[in-house]
Amino acid sequence: MSHFADHLVVMLTRRLGVFRYSARAIALVWATSRALTVGLALATLVAGALPAVAAWLGQLIVDAVVAARTLEHAQNGAELWPVLRFVLFEALVIALMAAAQRGLSVQQALLRVLLGQKVNLMILDKAQRLSLAQFEDAEFYDKLTLARREASTRPLALVIKTFGLIQHAISLASFAVLLVHFSPWALVLLVVGALPVFFAEAKFSGDAFRLFRRRAPEARMQAYLETTLAREDSVKEVKLFGLGPLFLKRYRAIFTKLYAEDRRLTLRRDGWGFLLGLLGTLAFYLAYTWVVVETINGRLTLGEMTMYLLVFKQGQTAVSASLTAISGMFDDNLYLSNLYAYLEQPVPAEQGTLCAGCRPGDGIRFEDVSFYYPGATKAAIAHIDLHVEPGQSLALVGTNGSGKTTLIKLLTRLYTPASGRILLDGSDLAEWDIDALRRRVGVIFQDFLRYQLSAGENIGVGDAVTFEDEARWREAARLGMADEFIGGLEQGYRTQLGRWFKGGRELSGGQWQKIALARAYMRRDADILVLDEPTAAMDAAAEAQVFEHFRRHAEGKMTILISHRFSTVRSADHIVVLEHGHITERGSHETLLAAQGRYAELFELQARGYR
Ligand code: ADP
């Protein structure tokens, strides 16, 4: 027996999985606005209970009319008021119902806006605390994208459906109270009739939920193809390589596969829905017949018959409205499960507190540092030892993929080493306060961002504190050699850059690089400057000039630069050659040339190209 009970509980929980996020959605609404939640609950209660009251008043009206007519025959002239009184009441009830409905929709409209904003803020706030590695995890990134896409509609939809179900449940319960007076068996009959279709709906909603989850990767690929085919920054390549038909074919193939599954589910769902729904209808008409027979036999008044028939009809409507709500809930559930999976992702704690190192002036030290990208079996960098003191410059040389950028990412604590330590002024980076650390570093990556903002702001982003300081923009632009062409733009520093917004000007690759470079000069207080191939798109003369500026500006600071041009590299105090994540050579330009190793080989290769 208890085994059976266990089984029943498991089955019910599974079937009722469609409600699994309802409580959380309501908690979310509660956190968004208590007043609106209470208002919504009240309006739901009123809208749920009043139909039964109206039906009951309907009975009173009919019975009073019948009584008045009997009386009229007997006395010639009847009192109107006892009947009209009920009509007035019913009119009041209907007015109240209209008010409750209106109250529901007004509060829902307000909540839509508030809740959308709240969920978006939750998502973005969480995004600020994630690590770079988490962003690079495809599955996780997908959760974030999905969460953002429907943030303003889904949570509210689930709340509306949940409250709708509560409203229908209240209606049904109040109908049951009326119906019990007729016969408890009639009630049992109707409930038993409605249950199968109810559970079938819940089961198929659950199936759909699981189906959606299982094929998330395909849906993701489809979304990716969509973006690639229809986005400004990919359209150029898609056109030139003629990728359109190829991608469209893939897009269609995924659709065909997904559609077949969808169709199977829809057909099964609606087939069963119809068959089981017939049971409900059958039960309904049995009860209907019963009421009619009882009325003919005189055991029910005409008023009671009117009421019961109304209650049956409205009860049916409430049941089918509930079913519609349930079948829509799996989509909302899907969204919320994803949202919470995202929000509850653990973030690495930033526990460091140091604002100064224990040996100020020691500079940067790498001690036997190795690092693996998530899921990689080969180290991106391995056993790296380095030391850069204030006033020194370090150049990193190596073929693509040798680990240069990874080293910089470790230095800026975008990633944490798998083994070994990185010290700044004698203290482990992990012990530093992250803001204090980032304030000391000015870094420009080769894939720097091209902000869809004004030219001045594009430079200003280099330092959030002085972001809007025009004098600083100008100074930084001069050092980054961007002042000349910015002066030539119609609105100077106020010119909108990029193509996204009206009146935006697009720049050439080299011009953008100058902007990025200027960004690095915004950080006057940073004493570690890192340039990761920011000059690749510039002409040689411009690059030479950039580095001339850079050297003068960098006095007393630590500089690290990555470049494939040896004319730039050769002037660094230290040069480190990386291969497959290992340091294979190190020294000054002269010693490395004299050593006749890989560096000398690469240098010769490039020099020959210029001769
Ligand atoms: P470089 O800057 O010298 O061209 P990187 O430091 O960018 O090289 O890359 C070093 C190695 O790490 C390469 O083998 C590359 O495939 C891998 N790698 C780089 N970035 C990532 C990443 N975000 N996730 C996984 N692997 C990466």
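Start at 1 and go down the list; that is how both ligands and their atoms are numbered.
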Any N/O pair Ser402/ligand 1 closer than 3.5 Å
yes
Atom pairs and distances, side-chain donor-acceptor, residues 352-364, under 3.5 Å, sequence neighbours left out:
from, atom 1, to, atom 2, distance (Å)
Asp362, OD1, Arg365, NH2, 3.2
Asp362, OD2, Arg365, NE, 2.9

Can you confirm, on distance only, whether ligand 1 has an N/O atom lying under 3.5 Å from any N/O atom belonging to Asn400?
no
Would a 4.0 Å cut-off, counted as strictly less than, catch a protein heavy atom around atom 16 (O) of ligand 1?
no
Protein heavy atom at shortest distance from atom 12 (O) of ligand 1:
Tyr373 CE1, 3.2 Å
Note: ligand 1 atoms sitting under 4.0 Å from heavy atoms of Tyr415 are 23 (N)
What is the closest protein heavy atom to atom 2 (O) of ligand 1, and at what distance does it sit?
Thr405 OG1, 2.6 Å
Work out which heavy atom in Gly556 is nearest to a heavy atom in Pro390; give both atom names and the distance.
O-CB, 3.8 Å
Using residues 368-376 as the side-chain source, report each donor-acceptor pair under 3.5 Å to any protein atom, sequence neighbours left out, with the distance given to one decimal.
from, atom 1, to, atom 2, distance (Å)
Asp368, OD1, His383, ND1, 2.8
Ser370, OG, His383, N, 3.0
Tyr373, OH, Thr406, OG1, 2.9

Give the residue and atom name of whichever protein heavy atom lies nearest to atom 4 (O) of ligand 1, and the separation in Å to one decimal.
Gly401 N, 2.8 Å
Sub-4.0 Å atoms of ligand 1 with respect to non-hydrogen atoms of Thr406
5 (P), 6 (O), 9 (O), 10 (C)
Taking Glu470 first and then Arg474, would you say they form a salt bridge - that is, a charged N and a carboxylate O separated by under 4.0 Å?
yes
Short N or O distance, Ala380 and ligand 1, threshold 3.5 Å exclusive
no
Could you tell me whether ligand 1 has any atom less than 4.0 Å away from a heavy atom of Gly398?
no
Quick one: do Glu506 and Arg499 make a salt bridge, cutoff under 4.0 Å?
no
Decide if the gap between the ring center of Tyr342 and the ring center of Phe140 is smaller than 6.0 angstrom.
yes
Ligand 1-proximal atoms of Glu136, by part, heavy-atom distance under 4.0 Å:
side chain
Glu457/Arg472 ion pair, N-O < 4.0 Å
no
In this structure, is the centre-to-centre distance between the rings of Tyr599 and His589 below 6.0 Å?
yes
